[in-house]
Amino acid sequence: MDLSTLAEWSLMIHPVTLLVVIADVFAPIMPSEFLVIASGSLASEGSVLLPVALLTAATGSLLGDLALYLLFRKRLTHWLDRFRWGRAVHRGIRNAVEKAGKSPTYAGLVALRFLPGGRTAGIAAAGIAELPLRPFLGFAALGGVLWSIWLVGLGFVSDVTTGFPMWASALLGMGVGTLVGLIIAAFFALKQRREVRKTHEHADSVQPPAAPGPARPAPEERRSVPSADRDEHRP
C-alpha cells in the first residue's frame, strides 16, 4: 500500500495502535512509536480526534504494562518457554532487565519508557521485585500518559510545522523521538558508570590495612649467648 494513502484508513489506526502498543512491551521491535506519532499527525490534519489518539496510546501502554507485570509477578514465564517464539521473547526481556538493573523504582516506571527498550525492562523488573500492585498501576498510568503526550505531540507538531505528508511527518517525529531517547540513555549510562566508580573508590578507601606480619627479632636479640652463660647451663 502506498504510504501516501495511509490517511484513508485513519479509522483503523486506533485499534491497530492499541494492539501494537500492548504487544510492544513484550517485543520492543514493534512499530508502536511510529503508529502513535502517526496518529498525532492525523490529528493535526483533522482525520482523527486528538483526545482519542492520546487515550488509545495511554490505554494500550497501561494494558501492556499490566500484562507483563503480572506475567513476572505471578511467575508465569514458564508458559512462554513452551514455544520457540515465547523463549525468544523471554530471553529478550531478561536481557533488557539485566542491562537496566533488577532494582526498580517507581520513578523508573515513568522515566525508563522513554528509553529504547526501557519500558520492557522497567515493567519486568517491577514484576520480578513484586512491587505492590496499586502504586505500580498509578506510576505506570502516569508514565503511559506522559509517553502518549510526548509521541502524539511529536506527530502533531511535526505535521503542523513542516507541512510534509502525514507519513513523512511521522517518520520525522520518530527520528526526533529516537534521538532524544538515545541522549537520555547515554546520560543514564554515564551517571551509572560514575556511581559505580564512586562505589569502588569508597570501598577502596574503607578497606582495612593488611595485618602486619610477625615482628622479626632485632639483630641484638639474635646475637649469640655469651660464653659465661653457656657454661652455666652446661651439665
Under 4.5 Å between side-chain heavy atoms, counting indirect links through other Ile/Leu/Val/Met/Phe/Trp/Tyr residues: same cluster for V21 and L54 or not?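 The answer is yes; both residues are in one hydrophobic cluster.
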Taking a hydrophobic cluster as the set of Ile, Leu, Val, Met, Phe, Trp and Tyr residues connected by side-chain heavy atoms closer than 4.5 Å, whether directly or through intermediates, do F34 and I22 fall within one such cluster?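 No, no single cluster joins them.
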Hey, could you give me each pair passing salt bridge (charged side-chain N to carboxylate O under 4.0 Å, His left out) that has a residue in residues 106-122? Not counting sequence neighbours. D24-R119, D65-R113, D65-R119
Can you name the one residue among L151, V16, L19, L18 that meets side chain to side chain contact (heavy atoms under 4.5 Å, CB included) with L35? V16
Using side chain to side chain contact (heavy atoms under 4.5 Å, CB included) as the criterion, point out the one residue from I37, T56, L50 that pairs with V152. L50
Do any N or O atoms from the side chain of T17 and from the backbone of V36 form a donor-acceptor pair under 3.5 angstrom? no
Test: ring pair (Phe, Tyr, Trp, His ring centres under 6.0 Å). Region: residues 39-65. Which pairs qualify, not counting sequence neighbours? none
Which atom pair, heavy atoms only, marks the closest approach of G64 to V25? O-CG1, 3.3 Å
Taking all heavy atoms of I123 and all of L109, pick out the closest pair and write down the distance.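 Where I123 meets L109 most closely, the heavy atoms are CD1-CD2, 3.9 Å.
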Enumerate, atom names and distances included, each donor-acceptor pair closer than 3.5 Å involving a side-chain atom of residues 126-149, sequence neighbours excluded.
residue: E130; atom: OE2; partner: R75; partner atom: NH2; Å: 3.2
residue: S148; atom: OG; partner: A58; partner atom: N; Å: 3.0
residue: S148; atom: OG; partner: G144; partner atom: O; Å: 2.7

Taken in chain and number order and not counting sequence neighbours, the residues that satisfy side chain to side chain contact (heavy atoms under 4.5 Å, CB included) with S44 are F156, D159, V160
Kindly write out the residues that satisfy side chain to side chain contact (heavy atoms under 4.5 Å, CB included) with L71, not counting sequence neighbours, or none if the list is empty. F26, L68, L76, T77, L80
In the hydrophobic clustering that connects Ile, Leu, Val, Met, Phe, Trp and Tyr at side-chain heavy-atom distances below 4.5 Å, which members other than V52 occupy its cluster, ordered by chain and number?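 Once heavy-atom contacts under 4.5 Å are chained together, V52 belongs with L49.
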